[in-house]
Amino acid sequence: MTEFQQLCYKTLKEKVPAGKVITYGGLAKLINHPNAYRAVGSAMNKNPFAPEVPCHRVVKSNGDLGKFAYDISLKVKRLEEESVLVENGKVVDFKKICI
DNA sequence: TTAGTGACTCCCG
DNA sequence: TCGGGAGCCACTA
C-alpha cells in the first residue's frame, strides 16, 4: 500500500457519493496530480478495499465504464444499485452526474 | 537501477 | 466527429 494509493482511495470515498461518478482524470486532479491519471488507474486496479472503496464510480472521460479488475458486470450492477444508469457500456447522463 | 506495463487523456490531422 | 499516436505516472519484476 503506497501513499499515492491511500490518497486515491481516501479522496474517492470522501468526494464521490453514491449516485455520482468521477473520471480518472478528475480524481487525479483532486489529489493534486492532474497528469497522474494512468497511475490512478493502476491504483484502482490494485484496490484491496473493494467494495468499501467505490472504485466502480471511476469511469473514463467520455463516459465509458473503462475496465474493472473483477467482473465488469459487477461494476454495472453496483452503479445501477446507486441509481446510475448504464447503457451499452456507457454512463447515461454522464455529464449530469459526473463530479 | 531500469525497462515494461496499464482500469487513461489529450492533441492533431 | 473520429481515430491514431504520444505522453503521463506509479508499480513491478
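In what follows, every chain begins at residue 1, and chains take the letters A, B, ... in the order their sequences are listed.
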How close or far is atom C1' of C:dC9 from atom CG of A:Leu30, stated in whole angstroms?
17 Å
Tell me whether A:Ile99 is reachable from A:Tyr9 by hopping between hydrophobic residues (I, L, V, M, F, W, Y) whose side-chain heavy atoms are closer than 4.5 Å.
yes
Heavy-atom contacts, protein to nucleotides 7-13 of chain B, under 4.0 Å, summarised as B (base), S (sugar-phosphate only) or - (none) per nt, yield BBS----
Pairs where residues 29-56 of chain A contributes a residue and the test salt bridge (charged side-chain N to carboxylate O under 4.0 Å, His left out) is met, not counting sequence neighbours:
A:Lys13-A:Glu52
Contacts of type side-chain hydrogen bond (donor to acceptor under 3.5 Å, both in side chains), residue A:Glu80, not counting sequence neighbours
none
Selection residues 56-77 of chain A - residue pairs positive for salt bridge (charged side-chain N to carboxylate O under 4.0 Å, His left out), sequence neighbours left out:
A:Arg57-A:Glu82
Whole Å only: how far is the CG atom of A:Leu7 from the P atom of C:dA10?
11 Å
Taking only residues two or more places apart in sequence, or in another chain, which ones meet A:Ile31 in a side chain to side chain contact (heavy atoms under 4.5 Å, CB included)?
A:Phe4, A:Leu7, A:Cys8, A:Thr11, A:His33, A:Val40
So the side-chain hydrogen bond (donor to acceptor under 3.5 Å, both in side chains) pairs with at least one residue in residues 87-98 of chain A (sequence neighbours excluded) are none
Under 4.0 Å, counting only non-hydrogen atoms across every strand here, what does A:Ala36 touch: a base, just sugar-phosphate, or nothing?
sugar-phosphate
A:Tyr37: which residues meet the ring-ring contact (aromatic ring centres under 6.0 Å, His included) condition with it, sequence neighbours left out?
none
Kindly write out the residues that satisfy ring-ring contact (aromatic ring centres under 6.0 Å, His included) with A:Phe94, not counting sequence neighbours, or none if the list is empty.
none
Residues of residues 83-99 of chain A with any non-hydrogen atom less than 4.0 angstrom from an atom of DNA chain C: list those, numerically ordered, please.
none
